[in-house]
Amino acid sequence: ECERMRPNRIRTKTAAKIFGVDVPYLIEKVRVGKYPIGIYEKHGKRAHVVIQTNLVAQYLGRTMEEIDAAVIEIEGGQAQ
């Protein structure tokens with residue numbers, strides 16, 4: 001089990017806001033490998049992405065703490 005208090009995951013909607021794009025655009029960029037920030041999954045017609053905090057931090061050249069702070073700001077301090 002992971003020692004950390006919260007999962008290494010960001011909601012797709014939140015990640016889209018961090019990147020300043022809409023959700024379909026973000027999903028497409030992850031799918032084609034332009035944003036190496038998570039895993040693209042397709043189940044039948046439904047597609048979604050599992051976005052990892054550490055990969056977002058790495059891609060944007062930010063710390064995990066900075067990304068966490070952005071997530072809290074966007075989501076209004078709600079814990080997952």
Side-chain angles (χ1 to χ4, degrees):
E1 277 291 297
C2 191
E3 292 292 325
R4 285 230 297 275
M5 292 302 290
R6 56 134 188 80
N8 179 34
R9 276 191 68 168
I10 301 180
R11 289 187 181 96
T12 308
K13 205 163 124 182
T14 303
K17 284 199 174 130
I18 290 171
F19 276 77
V21 300
D22 62 18
V23 170
Y25 182 89
L26 184 83
I27 291 172
E28 179 60 15
K29 290 295 177 193
V30 173
R31 185 183 75 80
V32 300
K34 290 275 189 235
Y35 289 175
I37 57 166
I39 301 150
Y40 174 85
E41 294 175 345
K42 194 159 173 115
H43 305 288
K45 286 215 163 75
R46 287 183 58 97
H48 81 160
V49 288
V50 176
I51 295 167
Q52 293 173 250
T53 312
N54 64 319
L55 296 179
V56 170
Q58 204 177 314
Y59 182 79
L60 295 176
R62 299 298 179 91
T63 64
M64 292 281 284
E65 289 71 26
E66 285 175 307
I67 300 301
D68 285 342
V71 168
I72 289 164
E73 201 174 295
I74 289 162
E75 295 181 358
Q78 298 154 354
Q80 288 199 26

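Computed from heavy atoms alone, side chains included, the values below leave out hydrogens, waters and symmetry copies. In this chain, numbering begins with 1 at the start of the sequence shown.
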Exercise answer: donor-acceptor pairs, residues 20-35 side-chain atoms, under 3.5 Å, sequence neighbours excluded:
residue : atom : partner : partner atom : Å
Asp22   : OD1  : Tyr25   : N            : 3.1
Glu28   : OE1  : Arg31   : NE           : 3.0
Glu28   : OE2  : Arg31   : NH2          : 2.9

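In this structure, CZ in Phe19 is found 8.0 Å from CD1 in Ile10, a value given to the nearest 0.5 Å. To the nearest 0.5 angstrom, Glu41 atom CD is 4.5 Å from His43 atom NE2. In this structure, the separation between CD1 on Ile18 and CD on Glu73 is 9.5 Å, given to the nearest 0.5 Å. In this structure, CZ on Arg9 lies 10.0 Å from CZ on Arg11, to the nearest 0.5 angstrom.
In terms of heavy-atom proximity, Pro36 sits nearest to Leu55 at O-CB, 3.8 Å.
Applying the side-chain hydrogen bond (donor to acceptor under 3.5 Å, both in side chains) test to Thr12 and every residue at least two apart in sequence or in another chain returns nothing.
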Give the C-alpha distance, both sets of side-chain angles, the deciding distance and a yes or no for side chain to side chain contact (heavy atoms under 4.5 Å, CB included) between Ile39 and Gln52. CA-CA 8 Å; Ile39 301 150; Gln52 293 173 250; 3.9 Å; yes

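Hydrophobic clustering keeps Val50 apart from Ile67 (ILVMFWY residues linked when any side-chain heavy atoms are closer than 4.5 Å, directly or through intermediates).
Not one N or O on the side chain of Asn54 forms a donor-acceptor pair closer than 3.5 Å with the backbone of Asn8.
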